[in-house]
Amino acid sequence: MHTVWKGAISFGLVHVPVKMFSATEDKDVSLRYIHKACGSPLSYVRKCPVCDKEVAWEEIGKGYEYEKGKFVIFEKDELDALTEESTKNITILDFVDLKEIDPIYFQKTYYLSPDQAGAGAYRLLMEAMRQTGKIGVAKISIRSKSSLAAIRVLENCLSIETMFYPDEIRPVSQVPSLPEAGVVNDKELDMAKLLISQLSTPFEPEKYTDDYRNRMLDLISSKVAGEEIRIAPARQETNVIDLMAALQASIEAVQHIPSDPGSPAPSPAAKPRKAAGGRKKSAGRAAGAAAAAKGGAGAGEPAAGTAGPAAKAAGAEDAPAAGSAVPAGVALPPETSSPAPVISPKPKRRSAKNKQTVS
């Protein structure tokens with residue numbers, strides 16, 4: 001990892017030398033501007049509109065526009081003097097509980113490792129924070145940007161998360177078109193809570209993927225290979241008119257998804273009976289419904305007069321897995337001969353050196 005900052009954590013009179021490393025990385029697919037006429041990448045030119053010439057880096061300074069078209073200019077040593085002391089220390093101001101900090105304050109996460117002979121003090125601070133369950137609220141300045149920060153224990157490492165200052169958080173009152181406080185329908189509320197309960201699960205971050213990035217990488221690979229590209233338009237989502245019906249359908253959809261389909265157990269084939277009359281038809285349908293409930297499968301085509309929903313369910317070769325919720329009277333889909341499509345692994349991210357495709 002590349003070191004992005006060096007300094008020390010200080011709390012009280014304790015001084016812990018540390019090095020900082022970025023804990024996250026941006027994997028967005030970066031595209032460059034290309035001249036369509038010749039296919040060459042475009043470059044950015046630092047040009048002065050008054051002097052009408054390109055400006056070198058050594059001729060560029062920094063300024064603040066205090067009025068339209070009027071600037072105060074700062075020299076590099078003036079700006080360095082403002083941050084010379086603050087960039088060397090992470091000063092812990094308070095220790096608090098993590099649950100007291102709203103996630104809206106967090107910006108970016110970094111890892112901290114001990115520097116020089118600071119391993120003992122580093123281990124002491126980490127173990128004390130682990131046993132007390134507290135995190136440290138500190139001040140830090142990175143690249144001339146002053147931030148609040150939260151220092152906490154992450155596995156066997158100290159991490160620091162930069163935070164916004166309170167005056168950088170916009171108040172909720174500025175959000176337009178928020179609904180006014182009112183009475184919620186009790187039945188709709190119960191249905192919504194039931195749906196949340198059905199969808200609740202432990203957090204497993206590895207199951208979430210960036211679908212847009214994967215599609216972009218597939219598209220890049222296809223274009224590099226010279227394949228013809230056709231992208232189907234996305235299906236338009238319709239507005240929800242009946243909220244209760246939408247909630248009910250959502251709950252049923254969640255309940256009907258088996259957790260582990262497994263392999264259907266073989267069962268004796270139910271020999272179809274030919275219906276000769278009204279009583280025999282009813283008996284045949286009742287037998288078919290019983291066979292469907294037990295997961296039985298028909299060996300051949302059903303006789304005339306028995307091709308009702310129950311008989312179709314009895315003739316299906318795939319039985320539902322144990323514990324899966326299948327409503328009574330719903331026919332199971334027939335088994336298809338083609339296997340499930342095999343999802344090929346996604347292509348690896350292209351190197352940043354190839355600027356014609358991904359930079």
Side-chain angles (χ1 to χ4, degrees), residues 1-9 17-91 106-113 115-116 138-149 159-165 167-170 210 212-213 216-217 219-221 223-224 347-359:
M1 289 186 179
H2 174 68
T3 303
V4 298
W5 185 91
K6 289 180 67 174
I9 302 174
V18 293
K19 292 188 292 186
M20 181 184 294
F21 308 88
S22 180
T24 59
E25 59 181 333
D26 187 359
K27 288 193 174 182
D28 284 346
V29 178
S30 179
L31 304 179
R32 299 188 65 185
Y33 287 109
I34 304 295
H35 187 198
K36 290 184 178 180
C38 65
S40 300
L42 302 180
S43 59
Y44 295 93
V45 179
R46 300 174 301 276
K47 185 177 181 179
C48 177
V50 176
C51 301
D52 194 22
K53 69 173 186 178
E54 186 176 350
V55 182
W57 277 114
E58 56 268 16
E59 299 179 29
I60 297 177
K62 291 185 177 181
Y64 176 78
E65 188 175 14
Y66 62 95
E67 288 183 11
K68 184 66 175 179
K70 295 183 179 181
F71 298 85
V72 288
I73 309 300
F74 294 95
E75 298 296 333
K76 186 178 183 302
D77 55 352
E78 293 177 324
L79 297 176
D80 291 342
L82 295 175
T83 58
E84 183 176 358
E85 293 300 326
S86 58
T87 55
K88 302 300 180 182
N89 279 325
I90 304 174
T91 306
F106 295 129
Q107 289 180 313
K108 184 174 175 58
T109 305
Y110 298 89
Y111 294 137
L112 298 174
S113 72
D115 190 20
Q116 300 174 1
K139 277 190 176 182
I140 185 174
S141 182
I142 306 173
R143 301 187 185 97
S144 303
K145 166 65 176 175
S146 176
S147 301
L148 280 178
S159 67
I160 181 169
E161 301 185 42
T162 55
M163 301 167 57
F164 293 102
Y165 284 101
D167 59 356
E168 294 178 308
I169 306 296
R170 293 176 176 175
D210 189 340
Y212 173 80
R213 186 181 70 201
M216 174 62 75
L217 292 174
L219 182 60
I220 291 172
S221 298
K223 282 185 172 291
V224 171
K348 294 182 179 180
R349 185 169 181 263
R350 296 180 61 83
S351 171
K353 295 181 181 179
N354 189 351
K355 296 182 179 180
Q356 295 295 335
T357 54
V358 182
S359 61

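We use all heavy atoms of the structure for the numbers below, so side chains are in, but hydrogens, waters and symmetry mates are not.
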Taking [X] for the side chain and [Y] for the main chain, is one N or O donor matched with an acceptor at less than 3.5 Å?
X      : Y      : value
Thr162 : Lys108 : yes
Asp26  : Asp28  : yes
Glu75  : Leu79  : no

message: Taking atom CZ as the centre, does Phe106 end up with more than 12 heavy-atom neighbours from other residues, nucleotides or ligands that are less than 6.0 angstrom away?
response: yes
task: Answer yes or no: does atom OH of Tyr66 have more than 12 heavy-atom neighbours from other residues, nucleotides or ligands under 6.0 Å?
output: yes
Spacing of [atom1] belonging to [X] relative to [atom2] belonging to [Y], to within rounding of 0.5 Å:
X      : Y      : atom1 : atom2 : result
Glu65  : Glu67  : CD    : CD    : 9.5 Å
Ser147 : Phe164 : OG    : CZ    : 8.5 Å
His35  : Ser43  : NE2   : OG    : 12.0 Å
Ile140 : Met163 : CD1   : CE    : 13.0 Å
Gln107 : Glu161 : CD    : CD    : 10.5 Å
Met20  : Ser159 : CE    : OG    : 10.5 Å

Distance-minimising heavy-atom pair for [X] and [Y]:
X      : Y     : answer
Ser141 : Trp5  : O-NE1, 3.4 Å
Pro41  : Ile34 : CA-CD1, 3.7 Å
Ser22  : Met1  : O-SD, 4.2 Å

So, do [X] and [Y] sit near enough that their side-chain heavy atoms are less than 4.5 Å apart?
X      : Y      : result
Leu148 : Lys139 : yes
Thr3   : Phe21  : yes
Val29  : Leu217 : yes
Asp210 : Lys27  : no
Lys47  : Asp52  : yes

